[in-house]
Amino acid sequence: MMTKIQIYTIQSVEEALELADLGIDHIGVTPASRGLPGEIDIKTAYSICKSVKDSLVTVALSVESDINLILSMVKEVKPQILHLCSPEGFITPQSIKDLKERLYTNNIDIEIMQAISVKGFESVENAISYVEEVDYLILDTQSKDVYGIGASGDTHDWNVSKEIVNSVDIPVILAGGLSPENVSDAIRHVNPWGVDSLTHTNKPLPGGGFVKDIEKVKSFVSASRHG
């Protein structure tokens, strides 16, 4: 099976449309006001998701643990996948069960992706505990500077990620420091369902911030698909 490719974080409709032609599968948006990398407002996130919903799977990230805040974002942005990545332990499997009940009550049909902070092999049992409640796991590296799980730009122990992939029966996306230079090795080692890139496919802007580096995204796609 061809490895799926997920690219974060998209900040404009124009950027989304440009990426739609590069052979990726998922694009991620970060609708927030917490100072997260590449965060955008709700209206922009909705416009991005609407613009590519027929050609790409849209993913919206939330670092929140308050179900009301998560539900409000989902209602307004309308992504196809909700990516939960609040700090480890803030969203439990029971929290997700409660969220799913609220989504059902509001007639919202959406898949759920839970972030797992990969550290030692204790992360395997943590990942397994979510399997019955979510549709995907995303294995990421905890950042010291960014709230929530992910956006560190650092890799973690792929042996732990491989063990998680081998221990669960739902799709697993490998994230955390993946780049055009290391993604093919990561795929060979971990054999994930998909791979994710944020930091190492960015082009820094003068004065701070970033846009996606189209050439780096193309290289990431090529390395993911052809080694």
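Values reported hereafter were calculated over all heavy atoms of this structure, with side chains retained and with hydrogens, waters and symmetry mates removed.
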Minimum heavy-atom distance Val211-Gln11, with the two atoms named: CA-NE2, 4.4 Å
Nearest non-hydrogen partners of Val77 and Tyr46, listed with the distance: O-CD1, 3.5 Å
Closest contact, heavy atoms only, Val183 versus Ala223: CG1-CB, 3.5 Å
Within one Ile-Leu-Val-Met-Phe-Trp-Tyr cluster: Leu19 and Val195, side-chain cutoff 4.5 Å: yes
Value rounded to 0.5 Å, distance of CD1 in Ile116 from CG in Leu84: 10.5 Å
Close side-chain approach of Trp158 and Leu174, heavy atoms under 4.5 Å: yes
Separation between CD1 of Ile96 and CD of Gln114, rounded to the nearest 0.5 Å: 4.5 Å
Heavy-atom pair with the smallest gap, counting every atom of Gly148 and Gln142: O-NE2, 2.8 Å
Pairing residues for Glu111 by the salt bridge (charged side-chain N to carboxylate O under 4.0 Å, His left out) criterion, not counting sequence neighbours: none
For Leu17 against Asp21, the heavy-atom pair lying closest together: O-OD2, 3.7 Å
Option among Ile48, Ile10, Thr9, Thr30 that satisfies the side chain to side chain contact (heavy atoms under 4.5 Å, CB included) test with Ile40: Ile48
Student check: side-chain heavy atoms of Val160 and Leu139 closer than 4.5 Å: no
Salt bridge (Lys or Arg N to Asp or Glu O under 4.0 Å) contacts in which one or both residues fall within residues 206-225, not counting sequence neighbours: Asp25-Arg225, Glu215-Lys218
Transitive ILVMFWY side-chain link Ile67 to Ile110, under 4.5 Å: yes
Ile81-Ile149 co-clustered via ILVMFWY side chain contacts under 4.5 Å: no
Check: Thr92/Ser95 side-chain N/O donor and acceptor closer than 3.5 Å: yes
Close side-chain approach of Met73 to Leu82, heavy-atom, < 4.5 Å: yes
Rounded distance [0.5 Å steps], OG in Ser152 versus NZ in Lys144: 10.5 Å
Cluster link Val13 to Ile7, ILVMFWY, side chain under 4.5 Å: yes
Flag if over 12 foreign heavy atoms under 6.0 Å of CG, Asn68: yes
Under the side-chain hydrogen bond (donor to acceptor under 3.5 Å, both in side chains) test, residues paired with Asn182 that sit two or more places apart: Ser179
Glu88: salt bridge (charged side-chain N to carboxylate O under 4.0 Å, His left out) partners, not counting sequence neighbours: Lys119
Atom pair NZ (Lys100) and CG (Asp135), whose distance is rounded to the nearest 0.5 Å: 7.0 Å
Residue pair Val146 / Pro37, side-chain heavy-atom distance below 4.5 Å: yes
Please tabulate, for side-chain N and O atoms in residues 55-62, each donor-acceptor pair with protein atoms closer than 3.5 Å (sequence neighbours left out).
residue: Ser55; atom: OG; partner: Val52; partner atom: O; Å: 3.3
residue: Thr58; atom: OG1; partner: Gln80; partner atom: N; Å: 3.2
residue: Thr58; atom: OG1; partner: Gln80; partner atom: OE1; Å: 3.0
residue: Ser62; atom: OG; partner: Glu64; partner atom: N; Å: 3.2

Any side-chain heavy-atom pair of Asp185 and Arg188 under 4.5 Å: yes
Any side-chain heavy-atom pair of Ile70 and Ile91 under 4.5 Å: yes
Residue pair Trp193 / Ile173, side-chain heavy-atom distance below 4.5 Å: yes
Check: Asp41 side chain, Lys43 main-chain N or O, donor-acceptor pair, under 3.5 Å: yes
Audit row: Asn159, Phe121, side-chain contact (heavy atoms from CB on, under 4.5 Å) steps and yes/no: CA-CA 9 Å; Asn159 292 314; Phe121 279 92; 4.2 Å; yes
Any side-chain heavy-atom pair of Gln6 and Met113 under 4.5 Å: yes
Straight-line distance of Lys75 NZ to Asn107 CG, nearest 0.5 Å: 10.0 Å
Atom pair CD1 (Ile138) and CG (Asp196), whose distance is rounded to the nearest 0.5 Å: 4.0 Å
Any residue meeting side-chain hydrogen bond (donor to acceptor under 3.5 Å, both in side chains) with Glu39, in chain and number order, not counting sequence neighbours: none
Closest non-hydrogen atom pair between Thr3 and Pro192, with its separation: CG2-O, 4.2 Å
Over 12 foreign heavy atoms within 6.0 Å of CD, Gln94: yes
Phe90 and Tyr147 aromatic ring geometry - parallel, tilted or perpendicular at 30°/60° bounds: perpendicular
Verify same cluster id: Val172, Ile112 (apolar side-chain graph, 4.5 Å): yes
